[in-house]
Amino acid sequence: MSDLWIWIWVPLLVGITGLEVWAERGGRLAERSMRWPANLGLFFLEISTTSLLSAGLVWTASLSLLAPKLGFALAALPLSGQVPVLVLAFGFLAYWLHRFSHQVPLLWRFHRIHHSDRFVDPSTSLRHHPGEVILTFAVFQLAILALQPSPQAVAVVALIERCFGVATHTTLALPVWVERFVGFVFVTPQQHGVHHSDFSRETNTNYGTVLNIWDRIFGTFRAKPLRDACDFRFGLREIPQDKAEDLVVLLALPVMGQDPWKRT
């Protein structure tokens with residue numbers, strides 16, 4: 001399964017990044033690139049953490065096959081049956097974890113590192129505090145123990161989630177007809193871009209990662225921004241741009257209070 005990451009996720013990450021660089025030629029590329037050191041620093045920390053945690057997810061899936069069967073085990077289905085069920089189940093869990101990360105102050109202290117990015121590109125999908133990564137891992141460990149899927153199914157769904165993470169963190173627009181067709185069920189860059197707005201009424205929408213059905217069901221779906229394009233901005237107003245580009249500050253941000261740069 002590790003080959004899939006090399007041949008699918010990495011080319012997707014590099015390809016979309018390359019398209020964005022090409023699209024920004026003569027634009028704000030220099031300003032955009034100022035965030036990359038911090039994003040890459042968080043990326044390497046995340047990789048260091050997730051290399052162990054991802055193995056742990058598969059290990060937990062292996063253990064679940066040995067655990068006493070308390071009812072139905074997802075591994076009894078073929079891989080083609082497990083994957084859709086896991087996408088739905090993990091998507092439901094991710095939706096509520098993401099929503100709580102916005103609503104619970106302690107969780108928001110960690111999650112706001114992701115939202116503090118003043119631009120949105122594929123590197124933003126790798127911009128997560130290690131504390132949030134560990135929390136997400138723990139929650140999904142419990143889900144795997146409960147559902148008892150096969151390790152292969154867990155690896156495939158993890159790859160799908162990460163690919164959508166890369167594909168939806170971009171300002172590259174889909175054709176209108178593709179946006180309407182795909183966006184009826186799946187999260188699109190435009191929809192997720194709304195979620196990264198610096199305006200709370202837009203930020204607190206579109207919590208889905210792969211499917212937008214949970215947002216539609218629970219009333220948090222928004223297809224387009226509330227504001228005109230000229231007024232729309234990414235990031236968080238309470239975090240200055242220079243602080244949002246500082247890796248040390250980002251790592252320390254969860255313990256720095258809710259609004260450490262509040263102006264009096």
Side-chain angles (χ1 to χ4, degrees), residues 1-25 29-30 32-62 79-80 82-84 86-87 90-91 94 98 113-115 117-130 132-134 136-137 140 144 149-174 178 182 186-193 195-196 208-211 234 245 247 250-251:
M1 287 295 176
S2 61
D3 290 346
L4 292 178
W5 289 82
I6 296 173
W7 294 108
I8 298 178
W9 182 75
V10 172
L12 185 66
L13 177 69
V14 173
I16 294 180
T17 301
L19 286 173
E20 290 216 337
V21 170
W22 179 80
E24 284 286 344
R25 66 195 190 283
L29 180 58
R32 177 189 291 270
S33 64
M34 293 294 290
R35 319 132 43 240
W36 288 346
N39 286 6
L40 289 175
L42 288 169
F43 165 73
F44 286 117
L45 286 173
E46 181 182 357
I47 288 298
S48 300
T49 305
T50 57
S51 62
L52 298 175
L53 300 186
S54 297
L57 286 172
V58 177
W59 177 71
T60 302
S62 301
L79 186 63
S80 59
Q82 292 183 62
V83 169
L86 274 186
V87 168
F90 282 7
H98 194 178
I113 281 76
H114 180 66
H115 277 271
D117 204 347
R118 294 303 178 95
F119 291 88
V120 169
D121 62 23
S123 73
T124 310
S125 70
L126 305 174
R127 182 187 174 99
H128 298 280
H129 194 280
E132 184 177 27
V133 173
I134 293 171
T136 302
F137 164 74
F140 280 90
I144 289 171
S150 68
Q152 293 79 9
V154 173
V156 169
V157 175
L159 175 61
I160 292 172
E161 291 274 350
R162 291 307 295 262
C163 285
F164 264 82
V166 169
T168 56
H169 285 89
T170 178
T171 54
L172 298 174
L174 295 173
V178 176
V182 175
F186 296 100
V187 177
T188 65
Q190 176 175 280
Q191 293 170 14
H192 197 68
H195 179 73
H196 274 272
T209 53
V210 176
L211 303 173
F234 296 121
E245 297 170 354
L247 177 60
L250 293 176
L251 291 173

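Throughout, residue positions are numbered sequentially from 1 according to the sequence presented.
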Nearest 0.5 angstrom please: [X] [atom1] to [Y] [atom2], how far?
X: Asn39; Y: Thr124; atom1: CG; atom2: OG1; answer: 5.5 Å
X: Arg35; Y: Leu247; atom1: CZ; atom2: CG; answer: 14.0 Å
X: Leu86; Y: Ser150; atom1: CG; atom2: OG; answer: 8.0 Å
X: Leu174; Y: Gln191; atom1: CG; atom2: CD; answer: 9.5 Å
X: Ser48; Y: Leu45; atom1: OG; atom2: CG; answer: 6.0 Å
X: Arg162; Y: Ile8; atom1: CZ; atom2: CD1; answer: 14.5 Å

[X] and [Y]: which non-hydrogen atoms are nearest, and at how many Å?
X: Leu159; Y: Trp9; answer: CD1-CB, 3.9 Å
X: Glu46; Y: Val133; answer: CG-CG2, 4.0 Å
X: Gly193; Y: Phe234; answer: O-CE2, 3.4 Å
X: Gly165; Y: Ser125; answer: O-CB, 3.3 Å
X: Ala153; Y: Gln82; answer: CB-OE1, 3.4 Å

[X] vs [Y] side-chain heavy atoms within contact, under 4.5 Å:
X: Phe164; Y: Thr209; answer: no
X: Phe137; Y: Thr49; answer: no
X: Arg127; Y: Val120; answer: no
X: Ile113; Y: His128; answer: no
X: Thr17; Y: Asp121; answer: no
X: Pro149; Y: Ile144; answer: yes

How would you list, by chain and number, every residue that makes a side chain to side chain contact (heavy atoms under 4.5 Å, CB included) with [X], sequence neighbours excluded?
X: Ser33; answer: Trp36
X: Leu172; answer: Ile16, Leu19, Glu20, Ala23, Thr170
X: Val14; answer: Val10

*asked:* Checking Val21 against Leu29 for the side chain to side chain contact (heavy atoms under 4.5 Å, CB included) test, could you report, in this order, the C-alpha distance in whole Å, the side-chain angles of both residues, the deciding distance, and whether it holds?
replied: CA-CA 7 Å; Val21 170; Leu29 180 58; 4.0 Å; yes
_Using the rule ring pair (Phe, Tyr, Trp, His ring centres under 6.0 Å), only one of His195, His169, His98, His129 pairs with His114; which is it?_
His169
